[in-house]
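Before any comments, here is the structure.
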Amino acid sequence: MEAARESMAALVDAGLYDCAQTLGCFLVSSSPASSEAGMSMKVESLVLHGDALHGEKEFRRALSAYKQAMQYSKNIPRQATSNTRSSVTATGRSPSPNSSSLAPLNENEVKFKIALCYSALREHREALQEMEGIPSKARTLKMNLMLGKLYRISRNNRAAAVCYKECLRQCPYVFEAITALAEMGLSSKEFSLIFSQAPNRGGKAPGDSLDAQRWWNRYVEAQCCIASHDYKGGLDIYLDLMQRFPNNVHILLEIAKVEAIIGRNDEAIMNFEKARLIDPNIMTYMDEYAILLKSKSDYTKLNKLVHDMLHIDPARPETCLALAALWERKDERKALTYAEKSLRVDDRHITGYIMKGNLHLLLNRPDLAVTDFRGAQELRADLRSYQGLVRAYLALSKCKDALFTAREAMKVMHQSAKALKLVGDVHAISSSGREKARKFYESAIRLEPGFLGAALALADLHVAEGRNKDAVLLLERYLRQWADDSLHIKLAQVFAATNMLSDALSHYQSALRINPHNEAAKKGLERLEKQMKTRTRLKRTKRTKLTMSTVIKTTLNYCRKNLINSHQPKAPPLTKRQLRKRTKSAAAATAGEPLNCHISTSNLEGTATGRRVTTTGASPLPRTTSFLRVIVSSRTMFSSLNHS
């Protein structure tokens, strides 16, 4: 079976894990020889079989195979084990199956593989126990990195820092260790000391080493600035490194992420697009890019991004979060399922917790949102998690908890204008705290004059206190420096509230010219157009309601004029009987006929049921009858106007 074992090792090294694990079933099931050599071969077969199962991501089966190998190894005499320890390679197998070694097993390497399986199954405590069983002097670079991760998961930052520092002493370019140590508060001077302790690999010239240390130190400084929430300082260093390493995808992505944090969304989107042009298959931070596109309502680009990510790797957490961002507009519950899926793939993905918390807020579940944002904070204190916590606490009417969280954010990020605004938002909830809110907003603007969020919040505060003119002046001052669609929308809302509809219409249109995909501007414009149409209709249909005295006065004036200007011969005087008869006939002619009348000082006309009745014409009535008919018509007209 030695030839088969040699072939299995070749299959594992070639990455053909399916074939290797099938062959391993034959090797493991063969009856071992009673000799020590047979036991050693059995152990090696089990380790190879575990490697093949691990490659197939069957971690439980791989874990069982490694543990069986460790159990069989204990039955091999210690003397034989010590004689062959030096011949074992880093893979945990002997360099040649035909060698006479009786114990082809590196126990430390197998323990590391067992820890990898436990970690993949998210059983971190068991993985840590296995790693702690490896002596510190026997730990390789990957072992120290793995142990540092496990210590950090268990919140033992001191032990994690020791492991990460050891990684950098072995190789100073372990960027994962640099980021972790920066987040744990290690200064740039301590990093430089560690770099000086690193061995000079390959006997390179001192000048080359100095150049590498120079840009390495700058990268470390950027990481330290970002970890301490000095985003501007970190951004400046990254931009300086871009001059040294143009078209560096990693630095471009880091710059885009920092710009997204400080609110420079347009610049962040541009840098994300540059990174995708350089490397179209990049997946790092693409979930952040998807969230930015959603905030800009650019669903055309978002749809294309999601399509590309599904083609590259549908199992990545970034892909799940991009799908969540795409579905948020249509189906919030389906978006929530994608956010939960991203955390099942990687339970330490901070953006997944933040996205899930925001979706719970949209679904009116602030209690669950608190849990999500707390989970993000346990991994790393992020401004977005603080903002989400404050919103969730305010939705639960826990103003004290919201204020405590906002103040905690201000202490952690003392140079952040966003943290100051967060405290102001909590104070602005109550009318008694508006003065404090105004001071915090103004402090945020002084710290960062280009922070539009504080300006918009201060404008809302002015409107709430009835100072619409101050809000307009503030927003117009910012518009002279920053042509932003959010400023136009806020100004349009203020103008609409003060009944200046034409000015509001102009600013909504300006916002759409800047960002044609802005949903808030589209909805506001639609609402404003309906309001303007309603006002125009009311102006056209509005009529003056006439009182009875006005009608009679207008009628009498007309009659007086008609009697004076009449050139007809006087009719003979009527008897009482004739007068009574004509009065009744005039009343009967006009009673019950609804009239739509237009009255003026020049004429009096009445239109009833499609026919035209007038008091002047070719054959006028006698003056008395005409006068009585006008009086009766005026009463009927007044009744008709009141009904209308």
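Just so it is clear, the model here is predicted, and its values are computed rather than measured. Values below: all heavy atoms of this structure, side chains included; hydrogens, waters and symmetry mates excluded.
Here Tyr478 contributes atom OH and Leu456 contributes atom CG; the two are 9.0 Å apart, rounded to the nearest 0.5 Å. Between atom CD1 of residue Ile282 and atom OH of residue Tyr289 there is a gap of 13.5 Å, rounded to the nearest 0.5 Å. Taking CG of Asn468 as the start and NE2 of His462 as the end, the distance is 10.5 Å to the nearest 0.5 Å.
A donor and an acceptor atom, one from each side chain of Gln377 and Arg374, are located under 3.5 Å apart. One side chain, Asn358 or Arg391, offers a donor N or O that lies under 3.5 Å from an acceptor on the other. Remark: the Ser443 side chain and the Arg446 side chain contain an N/O donor-acceptor pair separated by less than 3.5 Å. Arg513 and Ser510 are linked by a side-chain donor-acceptor pair at a separation below 3.5 angstrom, with hydrogens and angles left out of the test. Between the side chains of Glu254 and Tyr285, at least one donor N or O sits under 3.5 Å from an acceptor N or O.
We find that Lys232 and Asp236 are not joined by a salt bridge, their nearest charged nitrogen and carboxylate oxygen being 4.0 Å or further apart.
Shown here are the side-chain contact (heavy atoms from CB on, under 4.5 Å) partners of Asn156, two or more places apart in sequence or in another chain: Tyr151, Ser154, Arg158, Ala159. By the side-chain contact (heavy atoms from CB on, under 4.5 Å) test, Glu259 pairs with Leu235, Ile255, Arg264, Glu267, Ala268, Asn271, sequence neighbours left out. For Glu378, the side-chain contact (heavy atoms from CB on, under 4.5 Å) partners two or more places apart in sequence, or in a different chain, are Arg155. Remark: Asn247 pairs with Ile278 by the side-chain contact (heavy atoms from CB on, under 4.5 Å) rule, at least two apart or across chains.
Pairs passing the ring pair (Phe, Tyr, Trp, His ring centres under 6.0 Å) check and including a residue from residues 218-259, sequence neighbours excluded, read Phe175-Tyr219, Trp215-Phe245, Tyr219-His250, His229-Tyr231. Applying the salt bridge (charged side-chain N to carboxylate O under 4.0 Å, His left out) test to every pair with at least one member in residues 352-365, sequence neighbours left out, gives these pairs: Lys356-Asp372, Arg365-Asp367.
The environment of Arg467 atom CZ is dense: over 12 non-hydrogen atoms of other residues, nucleotides or ligands sit within 6.0 angstrom. Counting non-hydrogen atoms of neighbouring residues, nucleotides and ligands closer than 6.0 angstrom, the NZ atom of Lys296 exceeds 12 such neighbours. Taking a 6.0 Å sphere around OH of Tyr299, one finds it holds more than 12 heavy atoms contributed by other residues, nucleotides or ligands. Within a 6.0 Å radius of CG in Asn364, no more than 12 heavy atoms belonging to other residues, nucleotides or ligands are found. More than 12 non-hydrogen atoms from other residues, nucleotides or ligands lie less than 6.0 angstrom from NZ of Lys522.
For Ser192 (side chain) and Ser188 (main-chain N/O), a donor-acceptor pair under 3.5 Å exists by modelled atom type.
Side-chain contact between Asp425 and Leu394: absent, with no pair of heavy atoms (C-beta onward) separated by less than 4.5 Å.
No option in Lys490, Gln493, His488 other than His488 meets the side chain to side chain donor-acceptor pair (under 3.5 Å) test with His507.
Across Ala419 and Met413, no two heavy atoms sit closer than the pair CB-O, 3.9 Å.
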